[in-house]
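Worksheet: one structure, shown below.
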Amino acid sequence: QLNNAVRAPPICRKPVGEGAKRVTTSPPGPADDVLLSLAMGLDFLFTSNGLGGNRASRGDMPMRDVPIIPMGEDPGGPDAVPEPRPGHWQSVQGLSSIRDAGAQAADRAERFLAEAGFERAPWLAVVFASGIITWFVLPHPWQWLAAIGGGLGLALAARVIWPPGSVADETRANLRLAVMACATVFAFGMTTVWARSAIVGVPPIARPAVVLIEGRVLGREDQPAEERLRLTLAMRDAEAGVARKVRVNVPLAALGKGGVPEGLAEGAVVRLRARLMPPASPMLPGSYDFARAAWFQGLSATGTMVGSLTLVTPAPGGSGIARWQRALSHHVRLAVPGSPGAIAAAFASGDRGGIAESDEAAMRDSGLTHLLSISGLHVSAVIAAAYFAVLRLLALWPALALRVRLPIVAAAGGALVGIAYTLLTGAEVPTVRSCVAALLVLGALVLGREALSLRMVAVAAGFVLLLWPESAIGPSFQMS
């Protein structure tokens, strides 16, 4: 009777069945808790200690220790309590979709690289230039180290993720090679320009000063249009005790009626007083940065001579390329006087010092200033003229024409003329780049390969960036 009399308080006032509404009662109070505890204690006494006899022998119905929670007749029916739905962050489906998207992107990249073939190689020049430009963008050395380490780490990660000798050789071979090559070339580009800066770069002088200079002439540039000479001198700073490279403008009026001394050339030792200044910073943001250009040229200061010049030791005898260049320029200006002669001298020898300021302004306003710089147009014209001249002249010799492939001989002659013209005009960056590209064209003609291709451009660009990495941020390289 006690088992049937004491029961737990029901959860629902009405049983839940089909068509019944679920109505819950209010939370149980303290009295309900006391009755539930008393019922459970009496049930334990009567069934465990034998006070009420054995439950199985009596045949009485056992009391339920846990209250019945009606959930409806059909657990999966409309009245059943739905299972809790996990959030998107608790599901693996989102992560698997991300993995699938990454695998699809890797598959597309692998197919693209496999179809590109030899057209993949020119991109290495782009990545090499990107590493150089990144070095100029990042301001601090620790950032340079982090970028270099990131590139090398990416190359190592590609090798670890897709190791050789695994399934990756069939599914990710091209992608692995591309990631490793690009990451390594990027780090090499940053290392190249950093090493170039550390080798040739010198700090500028601290402040403007008037100093007495006794130094050796490293270079001489005639500028008759501005009535001056420009001397590049190697001197020793007595105050700092270090060697410096400075550039001094020498007015022709200061040399007297005798004009330029006979022995004033490369290798001479001169003494003069000059007012030196640190290389100037850009006048406006984004304009030409002479201080940066002077850093990579090794110039510590620029200035103008004050007073007279004394030739301590004349230049040694002999003939050099610089002297040939000045002699050719002087000869052209004598043969063709006036502005046409100055422009012709610039085309022949690369000497632009004789061009008047008015002519410079006219060329600049008309958008033709680039024609005064020896570059691809001039080098291509000279090499093409030499190629066809040698080819036609040798064709007049039947015994030679029947036994030798004349295009090969003509290509060799054009290459020699192109190299000589590049050296004669000063071997500036645009000239060297154009000469390298022309030599590649001649080599392709000799080998019977395609002469004009992006691979030729990439090789020429890589050659110039390897020797002069700072040219990557110059307009001449970017226009080419």
Side-chain angles (χ1 to χ4, degrees), residues 125 127-152 185-209 211 213 215-221 230-249 266 274-304 322 426-433 461-478:
V127 176
F128 188 58
S130 301
I132 295 174
I133 295 175
T134 303
W135 184 88
F136 282 101
V137 172
L138 300 179
H140 302 294
W142 68 267
Q143 296 174 336
W144 305 339
L145 290 173
I148 294 174
L152 298 178
V185 171
F186 178 84
F188 181 66
M190 295 199 66
T191 305
T192 301
V193 66
W194 194 356
R196 168 77 174 171
S197 175
I199 292 173
V200 304
V202 292
I205 61 176
R207 58 188 180 276
V211 297
I213 300 175
R216 184 175 300 276
V217 178
L218 300 178
R220 168 187 159 184
E221 182 181 353
R230 177 168 285 178
L231 300 179
T232 302
L233 305 175
M235 56 165 288
R236 178 164 292 278
D237 190 345
E239 181 179 352
V242 296
R244 295 191 182 277
K245 180 180 177 181
V246 299
R247 195 178 68 185
V248 180
N249 295 326
E266 288 78 5
R275 185 177 186 272
L276 300 180
M277 298 184 63
S281 300
M283 299 295 294
L284 296 173
S287 60
Y288 177 68
D289 191 352
F290 177 69
R292 182 174 58 197
W295 173 272
F296 283 98
Q297 293 175 8
L299 292 176
S300 297
T302 60
T304 304
E428 299 291 337
V429 173
T431 315
V432 173
R433 180 183 61 250
F463 180 81
V464 172
L465 291 176
L466 190 62
L467 297 181
W468 299 283
E470 67 275 9
S471 63
I473 59 174
S476 174
F477 182 87
Q478 294 172 7

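To the nearest 0.5 Å, the span separating CE on Met190 from OG on Ser130 amounts to 11.0 Å. Separation of atoms CH2 (Trp135) and CD1 (Ile473) is listed at 8.5 Å; rounding is to 0.5 Å. Atom OG of Ser476 is separated from atom CZ of Arg433 by 4.5 Å, given to the nearest 0.5 angstrom. To the nearest 0.5 Å, atom OG of residue Ser300 and atom CZ of residue Arg247 are 12.5 Å apart. How far CZ of Phe188 is from CG of Leu152: 12.0 Å, rounded to the nearest 0.5 Å. Separating the OG1 atom in Thr232 from the CG atom in Leu299 is a distance of 6.5 Å, to the nearest 0.5 Å.
Between Trp142 and His140, the angle of the ring planes stays under 30°, which puts this pair in the parallel group of the 30/60° scheme. The aromatic rings of Phe136 and Phe296 sit tilted, their planes meeting at an angle between 30° and 60°.
Remark: side-chain polar atoms of Ser197 are not paired, donor with acceptor, to backbone N or O of Trp194 under 3.5 angstrom. Judged by distance alone, with hydrogens and angles left aside, the side-chain atoms of Thr431 form no donor-acceptor pair with the main-chain N or O of Ala427 at under 3.5 Å. Between the side chain of Lys245 and the backbone N or O of Gln297, at least one donor-acceptor pair lies under 3.5 Å.
Here the closest non-hydrogen pair linking Val202 and Gly298 is CG2-O, 3.3 Å. Residues Pro279 and Pro204 come closest through the heavy atom pair CD-CB, 3.7 Å. Closest of all the heavy-atom pairs between Leu218 and Ala234 is CD1-CB, 3.8 Å. Of all the heavy atoms in Ala125 and Leu465, the pair that sits closest is O-CD1, 4.3 Å. Closest non-hydrogen pair, Phe477 versus Ala472, comes out as CD2-CA, 3.9 Å. Here the closest non-hydrogen pair linking Leu466 and Thr192 is O-CG2, 4.1 Å.
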Check the pair Trp468, Val432 against side chain to side chain contact (heavy atoms under 4.5 Å, CB included), reporting the backbone distance first and the verdict last. CA-CA 11 Å; Trp468 299 283; Val432 173; 3.7 Å; yes
Leu276 vs Ile213, side chain to side chain contact (heavy atoms under 4.5 Å, CB included): CA-CA, chis, key distance, verdict: CA-CA 10 Å; Leu276 300 180; Ile213 300 175; 4.0 Å; yes
Begin with the C-alpha distance, continue with both residues' side-chain angles, and end with the deciding distance and a verdict on side chain to side chain contact (heavy atoms under 4.5 Å, CB included) for Thr304 and Val248. CA-CA 5 Å; Thr304 304; Val248 180; 5.8 Å; no
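The pair Arg220-Glu266 does not count as a salt bridge, with every side-chain nitrogen at least 4.0 angstrom from each carboxylate oxygen.
Taking 4.5 Å as the limit, some side-chain heavy atom of Val217 sits within range of a side-chain heavy atom of Leu233. Side-chain atoms of Val200 and Trp295, non-hydrogen and from C-beta on, never get closer than 4.5 Å to each other. The closest side-chain heavy-atom distance from Trp144 to Thr134 is not below 4.5 Å.
Atom CZ of Arg275 has 12 or fewer heavy atoms from other residues, nucleotides or ligands within 6.0 Å.
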